[in-house]
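Position 1 is the first residue of the sequence, and the numbers go up from there. Everything quoted here is computed from the prediction, not taken from an experiment. Hydrogens, waters and symmetry mates play no part in the numbers below; they use all other heavy atoms, side chains included. Remember, it's 1-based here, ligands and their atoms both numbered in the order they're listed.
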Amino acid sequence: MPYPEIRPRRLRRNAAVRRLVSETRVDPAELVVPMFVKEGLTEPRAIASLPGVLQHSRDSLRKAAAEAVQAGVGGIMLFGVPATRDETGSGGVDPAGVLNTAIRDVIAEVGDSTVVMSDLCLDEFTSHGHCGLLTPDGGVDNDATLAAYADMAVAQAAAGVHVVGPSGMMDGQVGVVRKALDAAGHQDVSVLAYAVKYASAFYGPFRDAVESALEGDRRTYQQDPANLRESLREVELDVAEGADMVMVKPALPYLDVVSAVRAAVNVPVAAYQVSGEYAMVEAAAANGWIDRERVMLETLTSIRRAGAQIILTYWAVEAAQLLRERY
Ligand code: PBG
């Protein structure tokens with residue numbers, strides 16, 4: 001070795017020094033757990049393609065929400081699975097619909113002790129499974145859909161939600177939702193914009209979780225995985241329309257996008273580690289091919305390192321518990 005001997009390994013020699021120089025820590029407060037609630041269930045039900053994740057009943061949802069708070073997670077993102085669906089997704093607006101009921105239940109359970117969020121999209125409620133209303137020729141009608149999102153946002157806010165998450169990728173959705181919330185007196189409800197949402201095959205298990213009726217794909221509204229610059233345009237628009245936070249989705253295959261978005265805007269950046277990302281790890285771990293916990297924490301650390309300050313992950317509760325033991 002030439003002198004002076006520059007040895008980066010000195011800072012890796014033991015756990016204490018590695019801890020001291022660690023550049024990235026995942027904090028439970030930054031993790032958000034997605035939860036599913038299905039109308040009419042009396043017992044929670046397993047989702048085969050998402051091992052460990054449940055379709056909740058009203059009761060089990062409340063208990064799970066309380067446990068999540070206990071574990072210290074930063075938030076809960078709610079998704080509803082209705083018993084019946086129709087062309088216009090009217091169950092999403094109905095104050096007695098499964099999602100609006102779940103919001104009320106969870107708020108009654110946890111109050112302001114964590115951030116309660118709701119998916120603001122029509123796909124779980126429409127009989128055709130698209131994120132919006134259809135035109136006569138079967139396309140998705142952007143502007144008619146916006147009106148439905150405005151009503152849905154107000155219904156969710158009236159149910160007490162803290163943050164709405166418009167995820168349908170309609171043009172102008174953030175502005176319309178912001179305006180509707182403000183007009184209804186819900187200035188305090190935040191918008192977490194799914195600003196960057198790719199038309200990804202990684203959503204497969206989620207579609208099982210919500211029993212999606214979709215045939216075909218969402219490529220006329222969700223983004224082409226090949227594009228990065230387009231994401232920056234989407235983010236810029238959403239921030240201009242009043243997004244309080246922006247999200248990139250999926251996470252791990254799009255860390256370059258997370259990093260570019262982080263550099264481009266000053267609002268908090270979230271990333272959604274989606275169902276397929278989770279299922280891949282669970283499946284490999286079940287086969288004994290990878291170390292489940294280490295891979296879990298490595299993925300979360302990597303997403304954090306790339307610049308996401310908030311991470312939506314199906315591991316949120318377990319990861320929060322593990323991280324609290326660790327630090
Ligand atoms: C739309 C929505 C989807 C996901 C979150 N919100 C599905 C889609 O766009 O097809 C996917 C989340 C996941 O895969 O974990 N309501």
Side-chain angles (χ1 to χ4, degrees), residues 31-38 47-55 75-82 85 89 91-93 97-99 102-103 117-133 140 145 148-149 152-153 156 161 163-170 173 177 191-225 234 246-254 270-283 299-300 303 308 310-316:
L31 300 178
V32 175
V33 57
M35 288 188 184
F36 302 98
V37 56
K38 180 168 176 183
I47 302 159
S49 54
L50 278 178
V53 180
L54 300 168
Q55 279 183 334
I76 301 173
M77 172 64 84
L78 295 171
F79 294 93
V81 188
R85 301 177 146 116
V93 178
V98 59
L99 182 53
I103 293 169
M117 313 181 180
S118 49
D119 188 51
L120 173 39
C121 193
L122 286 176
D123 65 318
E124 288 96 7
F125 295 95
T126 51
S127 45
H128 43 75
H130 275 292
C131 293
L133 305 178
V140 175
T145 301
Y149 286 178
M152 201 170 166
Q156 294 181 349
V161 86
V163 177
V164 294
S167 66
M169 291 302 283
M170 296 299 126
Q173 64 185 10
V177 163
V191 178
L192 165 59
Y194 284 59
V196 177
K197 183 169 178 183
Y198 287 96
S200 172
F202 282 96
Y203 307 147
F206 174 94
R207 303 221 173 132
D208 294 339
V210 299
E211 301 170 21
S212 172
L214 183 72
E215 281 171 26
D217 61 58
R218 306 200 197 285
R219 287 181 227 215
T220 67
Y221 44 105
Q222 297 180 347
Q223 293 173 240
D224 182 342
E234 287 282 359
V246 294
M247 181 145 70
V248 174
K249 178 182 174 186
L252 213 51
Y254 297 89
Y272 196 144
Q273 181 174 57
V274 301
S275 57
E277 298 178 61
Y278 171 93
M280 283 195 307
V281 174
E282 289 289 339
T299 62
L300 296 175
I303 295 165
I310 299 166
I311 305 174
L312 278 78
T313 172
Y314 298 96
W315 285 311

Checklist entry - Which atom names give the shortest non-hydrogen contact between R85 and V210, and what distance separates them? => result NH2-O, 2.6 Å
Checklist entry - Can you say whether the rings of Y314 and F36 are parallel (under 30°), tilted (30 to 60°) or perpendicular (over 60°)? => result parallel
Next on the checklist: One pair to check against side chain to side chain contact (heavy atoms under 4.5 Å, CB included): M170 and V140. What are the steps and the verdict?
Outcome noted: CA-CA 9 Å; M170 296 299 126; V140 175; 3.5 Å; yes
Item to check | Those atoms of ligand 1 less than 4.0 Å from some heavy atom in C121 | outcome: 16 (N)
Checklist entry - In ligand 1, which numbered atoms sit nearer than 4.0 Å to a non-hydrogen atom of S167? => result 1 (C), 6 (N), 16 (N)
Checklist entry - Backbone N or O of Y194 within a donor-acceptor pair of the E234 side chain at under 3.5 Å? => result no
Item to check | Ring geometry between Y254 and Y198 (parallel below 30°, tilted from 30 to 60°, perpendicular above 60°) | outcome: parallel
Next on the checklist: At under 4.0 Å between heavy atoms, is it the side chain or the backbone of S275 that contacts ligand 1, or both, or neither?
Outcome noted: both
Item to check | Taking atom 2 (C) of ligand 1 as the reference point, the nearest protein heavy atom with its distance | outcome: K197 NZ, 3.2 Å
Checklist entry - Starting from atom 10 (O) of ligand 1, which protein heavy atom do you reach first, and at what distance in Å? => result R207 NH2, 2.5 Å
Next on the checklist: Need the ligand 1 atom indices (1-based, order shown) with element for anything under 4.0 Å from a heavy-atom of Y314.
Outcome noted: 12 (C), 13 (C), 15 (O)
Next on the checklist: Quick check on Q222 - does any of its heavy atoms sit under 4.0 Å from an atom of ligand 1?
Outcome noted: yes
Checklist outcome for this item: Within 4.0 Å of some non-hydrogen atom of Y272, the atoms of ligand 1 are 12 (C), 15 (O)
Checklist outcome for this item: Near E124 (heavy-atom distance under 4.0 Å), the atoms of ligand 1 are 16 (N)
Checklist entry - Starting from atom 4 (C) of ligand 1, which protein heavy atom do you reach first, and at what distance in Å? => result K249 NZ, 2.7 Å
Checklist entry - Considering only heavy atoms of D123, which atoms of ligand 1 have at least one such atom less than 4.0 Å away? => result 1 (C), 16 (N)
Checklist outcome for this item: among protein heavy atoms, the one nearest atom 12 (C) of ligand 1 is F206 CD1, 3.3 Å
Checklist entry - Using a heavy-atom cut-off of under 4.0 Å, does the side chain or the backbone of Y278 touch ligand 1, or both, or neither? => result neither
Next on the checklist: Test of understanding: given a 4.0 Å heavy-atom threshold, classify the contact between V274 and ligand 1 as side chain, backbone, both, or neither.
Outcome noted: both
Checklist entry - Do S275 side-chain atoms and F206 backbone N/O form a donor-acceptor pair below 3.5 Å? => result yes
Next on the checklist: For the residue pair E277 / T299, report whether a side-chain donor-acceptor contact shorter than 3.5 Å exists.
Outcome noted: no
Next on the checklist: If you define the side chain from C-beta out and look only at heavy atoms, does anything of K38 sit under 4.5 Å from V98?
Outcome noted: no
Item to check | Residue pair H130 / T145, side-chain heavy-atom distance below 4.5 Å | outcome: no
